[in-house]
Enquirer: 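To start, I am sharing the structure in question, which I have written as structure tokens.
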2 protein chains.
Amino acid sequence: MLSKTAEYALRATIYIAQKGTEDNKLGIDEVAEGIDSPKSFTAKILQLLTQNDRVVSSVRGRNGGFYLTDRARKLPVRAILEAVEEEEVITKCVLGLKECSETRPCPMHLQYKAIKKQLKQLFEKTSIQQLVEESNKGNLFINNQKAPKKRS
Amino acid sequence: MLSKTAEYALRATIYIAQKGTEDNKLGIDEVAEGIDSPKSFTAKILQLLTQNDRVVSSVRGRNGGFYLTDRARKLPVRAILEAVEEEEVITKCVLGLKECSETRPCPMHLQYKAIKKQLKQLFEKTSIQQLVEESNKGNLFINNQKAPKKRS
DNA sequence: TTATAAAAGGATAAATTTGTCCTTAATTAT
DNA sequence: ATAATTAAGGACAAATTTATCCTTTTATAA
């Protein structure tokens, strides 16, 4: 469905939104641990998300790290996918045809259309903040460990 | 969404189902042309589909080629995905978590659940035959060319 | 003002997916 | 039988994605 890049981008952003604020920034080590992802690769992906503070904000140096502004928290999940250029899922033809469209549909176009629409809505109508809120009230997980990893 | 492998598998199977019968088998050249796919790679993928006549049937030698039996035509689209081991889309977590489940949901689990269910239904309730029928009545396409390619 | 801590960035490597080519095996027309 | 035709299969190559490592830049604490 999504590439590893997109998966890590989503997980990292949600994690940072959950635990990070402007005066409690998260380091890349904590983020990668928190979401069970390869550290350096995640750092690379965060670079995409932090360009022009697009989705994630960051500062270097001591006490630096990653966090989300209030503006960013209101962004739709789609903004994360945009940042990593992974919007294909909600734009492409299921069969991979370049020319597939309403006027030139593939054999699955009609059936798939409805699903694509819902996917689109999921990504556009859901804000990062909403996911964080849900995580806060429910008992939701964003990594593969049963219990939070111990700090060493 | 789907890998190239899965896309070609779907296109090829639908194309063969449309144009091929036991006594009018299609050669790999025609299939690849018909669906705009790389020939050798498509041949490889068809090998997966023809194992034990799983989805596509084939015979070698003169007048050989690919076709679908009546039994195969009744198979759900999912059978094609199974043959190329591409069922992840309808089983995996959107965020790529190994442990994501009803009892241990990720932050998008609830919203995504409904979509996954529909995708699953699309692949399970739609038979290859149905897609062929639709293609026959409507003006549907399975390649990128406006008009069918000329035979040389 | 210097040392330290952090992200940014570049180069490279590993793994996977996608794609090609050539040989082999099977079928059938001649 | 033999030659021609076709899919099957194996080895390899190219491209892309995923991942790592090292250096540079930036910020701040001491």
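In what follows, every chain begins at residue 1, and chains take the letters A, B, ... in the order their sequences are listed. Worth knowing before you read on, the calculation uses all heavy atoms, side chains too, and leaves out hydrogens, waters and symmetry mates.
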Enquirer: If only atom types and distance count, is the side chain of Q130(A) paired as donor or acceptor with the main-chain N or O of S127(A) below 3.5 Å?
Expert: yes
Enquirer: Does dA7(D) have OP1 or OP2 under 4.0 Å away from a side-chain N or O of T50(B)?
Expert: no
Enquirer: Please confirm whether the shortest side-chain N or O distance from T5(A) to OP1 or OP2 of dT18(D) is below 4.0 Å.
Expert: yes
Enquirer: Looking at side-chain heavy atoms only, is the closest gap between M1(B) and M1(A) below 4.5 Å?
Expert: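 Yes - at least one pair of side-chain heavy atoms lies under 4.5 Å apart.
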Enquirer: Of the nucleotides dA8(D), dT18(C), dT18(D), which has the atom closest to the F41(A) side chain?
Expert: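 Nucleotide nearest to F41(A)'s side chain: dT18(D).
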Enquirer: Taking the nucleotide of DNA chain D with the closest heavy atom to each, which residue, K4(A) or I28(B), is nearer the 5' end?
Expert: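 Nearer the 5' end of the strand: I28(B).
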Enquirer: Regarding E86(B) and T5(B), is there a side-chain donor-to-acceptor distance under 3.5 Å anywhere?
Expert: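 Judged by distance alone, the side chains do not pair up.
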Enquirer: What nucleotide among dG9(C), dT18(D), dG19(C) has an atom nearest to a side-chain atom of S3(A)?
Expert: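 The listed nucleotide nearest to S3(A)'s side chain is dT18(D).
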Enquirer: What is the minimum heavy-atom distance between Y67(B) and T21(B), and which atoms define it?
Expert: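 Reported closest heavy-atom pair: CB-O, 3.5 Å.
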Enquirer: For G65(A) and K39(B), take the nucleotide of DNA chain C holding the closest heavy atom to each; which residue's nucleotide lies nearer the 5' end?
Expert: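 Closest to the 5' end, via its nearest nucleotide, is G65(A).
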Enquirer: Is any side-chain nitrogen or oxygen of Q47(B) closer than 4.0 Å to OP1 or OP2 of dG9(D)?
Expert: yes
Enquirer: For nucleotides 11-14 of chain D, print each protein N/O atom paired with a nucleotide N/O atom at under 3.5 Å, atom names and distance only.
Expert:
unit_1	atom_1	unit_2	atom_2	d
dA11(D)	N6	K44(B)	NZ	3.3

Enquirer: Are K92(B) and E7(A) ion-paired here, with the side-chain N under 4.0 Å from a carboxylate O?
Expert: yes
Enquirer: Just by distance, no angles: are the side chains of S37(B) and T42(B) close enough, under 3.5 Å, to form a donor-acceptor pair?
Expert: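 There is such a pair between these side chains.
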Enquirer: Distance alone, cut at 3.5 Å: any donor-acceptor contact between the side chains of E99(A) and Q145(B)?
Expert: no
Enquirer: Return the residues of residues 53-62 of chain B meeting this criterion: a heavy atom under 4.0 Å from some atom of DNA chain D. Order them by number, or give none.
Expert: S58(B), V59(B), R60(B), G61(B), R62(B)
Enquirer: Can you check whether N63(A) has a side-chain N or O nearer than 4.0 Å to OP1 or OP2 of dA27(D)?
Expert: no
Enquirer: When all nucleic acid strands are considered with a 4.0 Å heavy-atom cut-off, which category describes L26(A): base, sugar-phosphate, or nothing?
Expert: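 Sugar-phosphate contact only.
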Enquirer: Is the phosphate of dG19(C) approached by Y8(B) (side-chain N or O, under 4.0 Å from OP1 or OP2)?
Expert: yes
Enquirer: Tell me whether R104(B) forms a cation-pi arrangement with F141(A), defined as NZ or CZ under 6.0 Å from the six-membered ring centre and within 45 degrees of its axis.
Expert: yes
Enquirer: Starting the side chain at C-beta, find the nucleotide from dA7(D), dA19(D), dC21(C) nearest to S40(B).
Expert: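 Among the listed nucleotides, the one closest to the side chain of S40(B) is dC21(C).
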